[in-house]
Amino acid sequence: MTIRTRFAPSPTGMLHIGGARTALFSWLYARHHGGEFLLRIEDTDRQRSTDEATQVILEGLRWLGIDWDGEPVFQSQREAEHVMAAEQLIESGHAYRCYCTHEELEAMREAQRAAGKKPMYDGRCRHRSDQPAGEPYVVRFRSPDVGQTIVHDLVLGDVVFDNAELDDLILLRSDGTPTYNLAVVADDAAMGITHVVRGADHLNNTPRQIQLYQALGLPVPQFAHIPLIHGPDGAKMSKRHGAVAITEYRDAGYLPDALVNYLARLGWSHGDQEVFSRDELIELFDLRQVGKTAARFDQQKLDWLNALYLREAKPSSLVDEVRRFLRVDVCCGPDLAEVIAILQERSRTLVELANGARFFYVRPEQYDPKAVKKHFREESWGLLDAFVSAVEAMEAFDAEKVHDVIRGICEQAGVGMGKLAQPIRILVSGGAVSPPIDRTLELLGREETLLRVRKGMARLREGAVS
RNA sequence: GCUCCCAUCGUCUAGCGGUCUAGGACGUCGCCCUCUCACGGCGAAAACAGGGGUUCGAGUCCCCUUGGGAGUACCA
């Protein structure tokens, strides 16, 4: 039997971290077993579903590199099949028409709550024989009220539910449209899904769905409920936790491979290993190694992984992305790939990298006052003058020569290299932080270096900041 | 309230009855390297929620308590 899984988001919002991980696990499981991974858009809630949300979800999955087989199935287009399934259940006696009004139901639930009971439909229309013409009705599932339904979960193990706890759920609304539980069962069966991998928030729906499979005479798939992801404070992930939409991570300069690696390790493990390539994940992923406990999202660990992937990437593979984040013209400055090469090990995100690269292409407008105050002293001017003269006299201008020049001047003056390197750094970059000064100047080139140092000295001497 | 799930360092986790004076990673804190920032190296602090059992032996099995979480819609 070939394994077939699916991801079934409802397009009522963004693809968030939790959904992305569910999709990832489902995808990894299918790919690991050489099976298929399908997509189904659960857009039966017409009020809240939007095409924009659908597009954003697909875009997020593509960016993460989670590819799906075939075309996405839109649940709303399968309504006829859902209605047929409901009719089949009525005919077989597994479902019935219910004429209860909202008011009636609310009153019933209120009474139950007041009595300290769990609000449940009491089945009052089960044996109703009249069929009032023109009265609106819903179709309810006649759920068994004795016995137990057991979910054999691949992650959680066997979970037992007393059937008495499950009431008669609505299959068809009064406008004739199908509800979630009916639609999922009908669609998963029609799509030939063998393993339903989804968030643990669906565990409570599972016994009802198993009953529906059985009533419809359909094979029950395997289930795997993976624990939820919580925000840093332990509560459910929500907007107030900052970035939750997958696209926000892309825009913040995270690499898809890093995010995938991080998400995979959130709830799944393979011994002590922390870093996994995509191929390794597919090769090693197993539902049996998925933990049962909800995980908190840890931005700092993601940052660490992203930095790791960033510094191990080929500079040329980062050029397009970095240029996008830079938003400045790079045609007149040093080769961007070379700039990336010296910046990638000192950046955690593409945004940081781009920010660090910007001064190579844009002359500093101002100089960080705190840096100036800290690094410019009386002796600085003499050292800088000596540096300018030395550079003018240099035959070749490369990192090694620049290093020698700076060191030579400092040794002669009997001071550490920082006494000269820092003022230069501030004058060429505007701040106290940059890649190694020799490589930085080499990339800027002799003319640009001289221009920035001279101009900077003049401006600071005017007392602008110093 | 009721039903269901979960419980090892701050965080992600290893552990599948004895190898645990509990391992790794992120983060934190020292030290080293050093022209800044990083990278890298070395080291440190840091956990089995509590209580009962079962067993020769429990982080590992069972029960209770506590604490989190999910569900409880004519949403998905």
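Just so it is clear: chains get the letters A, B, ... in the order the sequence lines come, proteins before strands, and each one is counted from 1.
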Residue-phosphate contact under 4.0 Å: A:Ser434 side-chain N/O, B:rU36 OP1/OP2: no

Cation-aromatic face contact A:Arg78/A:Phe74, 6.0 Å, 45 degrees: no

Atom-pair distance (OH on A:Tyr180; C1' on B:rA76), nearest Å: 6 Å

Touch class at under 4.0 angstrom, heavy-atom based, for A:Asp438 against every strand present: base

Main-chain N/O of A:Ser76 paired with A:Asp43 side-chain donor or acceptor, under 3.5 Å: yes

A:Asp187 side chain to A:His82 side chain, donor-acceptor N/O pair below 3.5 angstrom: yes

Touch class at under 4.0 angstrom, heavy-atom based, for A:Asn205 against every strand present: base

Nearest listed nucleotide, side chain of A:His403, among B:rC6, B:rC35, B:rC74: B:rC35

Nearest-nucleotide pick for A:Thr293, side chain only, options being B:rU3, B:rC74, B:rU8: B:rU8

Filtered N/O pairs between nucleotides 62-70 of chain B and protein, under 3.5 Å:
residue: B:rA70; atom: N3; partner: A:Asn204; partner atom: ND2; Å: 3.3

C1' atoms of B:rC26 and B:rA14, separation to the nearest Å: 15 Å

Sugar-phosphate, base or nothing in reach of A:Phe161, heavy atoms under 4.0 Å: sugar-phosphate

Sugar-phosphate only, base, or nothing, as touched by A:Gly416 at under 4.0 Å among non-hydrogen atoms: nothing

Touch class at under 4.0 angstrom, heavy-atom based, for A:Arg46 against every strand present: nothing

A:His94 and A:Phe141 aromatic ring geometry - parallel, tilted or perpendicular at 30°/60° bounds: parallel

Sugar-phosphate only, base, or nothing, as touched by A:Ala295 at under 4.0 Å among non-hydrogen atoms: sugar-phosphate

Check: A:Ser49 main-chain N/O paired with A:Thr12 side-chain donor or acceptor under 3.5 Å: no

Sugar-phosphate only, base, or nothing, as touched by A:His225 at under 4.0 Å among non-hydrogen atoms: nothing

Any side-chain heavy-atom pair of A:Met394 and A:Val402 under 4.5 Å: yes

Side-chain N,O (A:Thr12) to OP1/OP2 (B:rA76) below 4.0 Å: no

Polar side-chain contact A:Ser174-B:rC74 base: donor and acceptor under 3.5 Å: yes

Which nucleotide in B:rU3, B:rU36, B:rA38 has an atom nearest any side-chain atom of A:Glu345: B:rA38

Rounded distance (Å) that lies between atom P of B:rU11 and atom CG of A:Leu263: 19 Å

Closest to the A:Glu165 side chain, choosing from B:rC2, B:rC6, B:rU13: B:rC2

Sugar-phosphate, base or nothing in reach of A:Pro435, heavy atoms under 4.0 Å: base

Sugar-phosphate, base or nothing in reach of A:Val160, heavy atoms under 4.0 Å: sugar-phosphate

Mutual orientation of the aromatic rings belonging to A:Trp381 and A:Phe376 [parallel < 30°, tilted 30-60°, perpendicular > 60°]: tilted

Sugar-phosphate only, base, or nothing, as touched by A:Leu266 at under 4.0 Å among non-hydrogen atoms: sugar-phosphate

Parallel, tilted or perpendicular, as decided by the 30° and 60° cut-offs, for the rings of A:Phe223 and A:Tyr213: perpendicular

Base B:rC39 paired with A:Arg311 side chain (donor-acceptor, <3.5 Å): no

Distance under 6.0 Å and angle within 45° of ring axis: A:Arg140 vs A:Tyr121: yes

Length of the line joining A:Arg348:CZ and B:rG27:C1', which is rounded to integer Å: 12 Å

Side chain of A:Asp298 - closest among B:rG10, B:rA76, B:rU36: B:rG10

Under 3.5 Å donor-acceptor, A:Asn306 side chain and A:Leu259 backbone: no

Complementary nucleotide of B:rC2, counting Watson-Crick and G-U pairs under 3.5 Å: B:rG71

Write down the protein N/O and nucleotide N/O pairs, taken from nucleotides 21-25 of chain B, whose separation is under 3.5 Å; answer none if there are no such pairs.
residue: B:rG23; atom: N2; partner: A:Asp272; partner atom: OD1; Å: 2.9
residue: B:rG24; atom: N2; partner: A:Arg265; partner atom: NH2; Å: 3.4
residue: B:rG24; atom: N2; partner: A:Glu274; partner atom: OE2; Å: 2.8
residue: B:rA25; atom: O4'; partner: A:Glu274; partner atom: OE2; Å: 3.4

Parallel, tilted or perpendicular: ring planes of A:Phe285 versus A:Phe25, cut at 30 and 60 degrees: tilted

Separation of atom CZ in A:Phe223 from atom P in B:rC5, rounded to whole Å: 16 Å

Sugar-phosphate only, base, or nothing, as touched by A:Val138 at under 4.0 Å among non-hydrogen atoms: base

Interatomic distance, A:Leu343 CG vs B:rU36 P [rounded to whole Å]: 17 Å

